[in-house]
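Shown next, in structure tokens, is the structure this report addresses.
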Amino acid sequence: METDLLLARHGEAHCNLRRVAGGEIGCTGLTERGRDQARQLGRRLRRMHDDQPFDAVYVSSRRRARETAELATGGLGVPVTVEPALAGPQHGVADGRPWTEIWAAFGASPGDEPDRPFAEGAESWNQYLARAMAALGEIIERHPEQRVLVVAHAETVEAAHTRFLRLPSRPGVGFAVAHCSITWWSHRAPEFGAARWQLVKHNSTRHLDQIESAHLTPAARESGP
């Protein structure tokens, strides 16, 4: 039997467009485009559910993630559990402030100082990673040989990759994680050998093609990707 962990990032949020720290204060929910993305994600999830049902759905406590889950998972008939430990990094006093101001005050790249919080009351990157990886580990332990969906953040996907690939914190590379993309890890047996975690999909967005095309200007459509 396989254990499947599917991670979906939230849709485009107002804090993303405004480029502000979107914690409990700064997150004001999804844009209309983000809501469209979540609906398209929901259509794909329903097809996946019909093929192989989800056993559990977990969602970050941040507003943009909860709104995404409401739009994307309503047709699955699976209870949604809000898991506060899946929330994105805590921003402390920087919550709601522009990222340009935050990084200027920090005086360094967070990737260069992963143990140093970038603001009073904020989590360092490594503190966040430890929390998120522990939350994912607990969810996996609760659902052996089941299929679980997590609706959360780009950082959640980074935490999953860090855990399963056993990467060092901030290894000098990053992972592209689009809004409402799907990333899929599966604990399964390969053709030869013992079962192990395998990355089935990363940043899959084919369900969003129609939405992204609709939001392009005529000039952008003509110019290609």
Side-chain angles (χ1 to χ4, degrees), residues 7-38 59-68 82-136 150-163 165 167-181 183 202-203 205 208 212 215-217 219-220 223 225:
L7 303 108
R9 187 186 178 190
H10 60 79
E12 180 188 78
H14 293 289
C15 60
N16 301 137
L17 289 186
R18 294 170 52 213
R19 298 187 65 80
V20 300
E24 300 304 319
I25 297 172
C27 180
T28 55
L30 299 178
T31 65
E32 189 53 44
R33 179 179 184 176
R35 297 178 71 83
D36 287 344
Q37 291 169 336
V59 61
S60 158
S61 56
R62 296 276 165 86
R63 177 174 170 179
R64 56 191 181 276
R66 288 186 285 106
E67 289 183 0
T68 300
V82 177
E83 176 51 73
L86 290 172
Q90 298 296 331
H91 305 307
V93 298
D95 193 358
R97 290 176 53 199
W99 282 112
T100 52
E101 293 182 9
I102 296 170
W103 298 148
F106 187 60
S109 168
D112 293 335
E113 299 192 38
D115 290 312
R116 177 185 162 202
F118 57 76
E120 181 182 348
E123 288 179 303
S124 70
W125 175 250
N126 280 343
Q127 286 173 328
Y128 164 74
L129 268 186
R131 169 168 64 83
M133 288 193 293
L136 292 173
V150 169
V151 182
H153 306 272
E155 295 93 341
T156 317
V157 176
E158 289 203 54
H161 290 351
T162 300
R163 175 187 173 89
L165 296 173
L167 296 173
S169 64
R170 285 303 192 196
V173 296
F175 300 96
V177 186
H179 292 120
C180 279
S181 63
T183 294
H202 169 72
N203 198 39
T205 58
L208 301 176
E212 299 310 304
H215 283 274
L216 291 175
T217 65
S223 64

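This chain uses plain numbering: 1 for the first residue, then up along the sequence. Note that these values count all heavy atoms, side chains included, but never hydrogens, waters or copies made by symmetry.
- Considering CD of E155 and OG1 of T162, their distance stands at 11.5 Å, rounded to 0.5 Å.
- Residues R19 and T100 fail the side-chain proximity criterion, which asks for heavy atoms closer than 4.5 Å.
- In this structure, the side chains of V177 and T156 stay at 4.5 Å or more apart for every pair of heavy atoms.
- The backbone N or O of T205 sits nowhere less than 3.5 Å from a side-chain atom of S181 that would complete a donor-acceptor pair.
- Residue T31 forms a side chain to side chain donor-acceptor pair (under 3.5 Å) with just one option from H179, E12, Q37, and that option is E12.
- The two residues L30 and G11 have their closest heavy-atom pair at CD2-O, 3.3 Å.
- Checked against ring-ring contact (aromatic ring centres under 6.0 Å, His included), H161 has the following partners two or more places apart in sequence or in another chain: F175, W185, H202.
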Donor-acceptor pairs are to be reported for all side-chain atoms of residues 114-121 against protein atoms at under 3.5 Å, with residues two or more places apart or in another chain.
residue, atom, partner, partner atom, Å
D115, OD1, N126, ND2, 2.7
R116, NH1, F106, O, 3.4
R116, NH1, E113, OE1, 3.1
R116, NH1, E113, OE2, 3.2
R116, NH2, F106, O, 2.8

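- Atom OH in Y128 sits 10.0 Å away from atom NE2 in H91 (nearest 0.5 Å).
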Next on the checklist: Applying side chain to side chain contact (heavy atoms under 4.5 Å, CB included) to V157 and R9, what does each step give before you reach the verdict?
Outcome noted: CA-CA 8 Å; V157 176; R9 187 186 178 190; 5.6 Å; no
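- Listed for the E123 side chain is no donor-acceptor partner under 3.5 Å among the backbone atoms of P89.
- Distance check, rounded to the nearest 0.5 Å: CZ of R131 to CG of L136 gives 10.5 Å.
- In terms of modelled atom types and a separation under 3.5 Å, the side chain of R62 and the main chain of C27 share no donor-acceptor contact.
- Judged by distance alone, with hydrogens and angles left aside, the side-chain atoms of E83 form a donor-acceptor pair with the main-chain N or O of A85 at under 3.5 Å.
- Taking the six-membered ring where tryptophan is involved, the planes of H153 and H10 are perpendicular, since the angle between them exceeds 60° and thus also 30°.
- Between the side chain of R163 and the backbone N or O of A132 there is no donor-acceptor pair closer than 3.5 Å.
- R66 places a side-chain N or O within donor-acceptor distance of the main-chain N or O of S61, the cut-off being under 3.5 Å.
- Sorted by first and then second residue, the salt bridge (charged side-chain N to carboxylate O under 4.0 Å, His left out) pairs with a member in residues 88-101 read R97-E101; sequence neighbours excluded.
- When all heavy atoms of A152 and L86 are compared, the closest pair comes out as CB-O, 4.1 Å.
- Side chain of R64 to main chain of G22: a donor-acceptor pair is present (N/O by atom type, distance under 3.5 Å, no hydrogens or angles).
- Of all heavy-atom pairs between V20 and G26, the closest is CG2-O, 4.3 Å.
- Looking at every heavy atom in both residues, V151 comes nearest to A65 through CG1-O, 3.8 Å.
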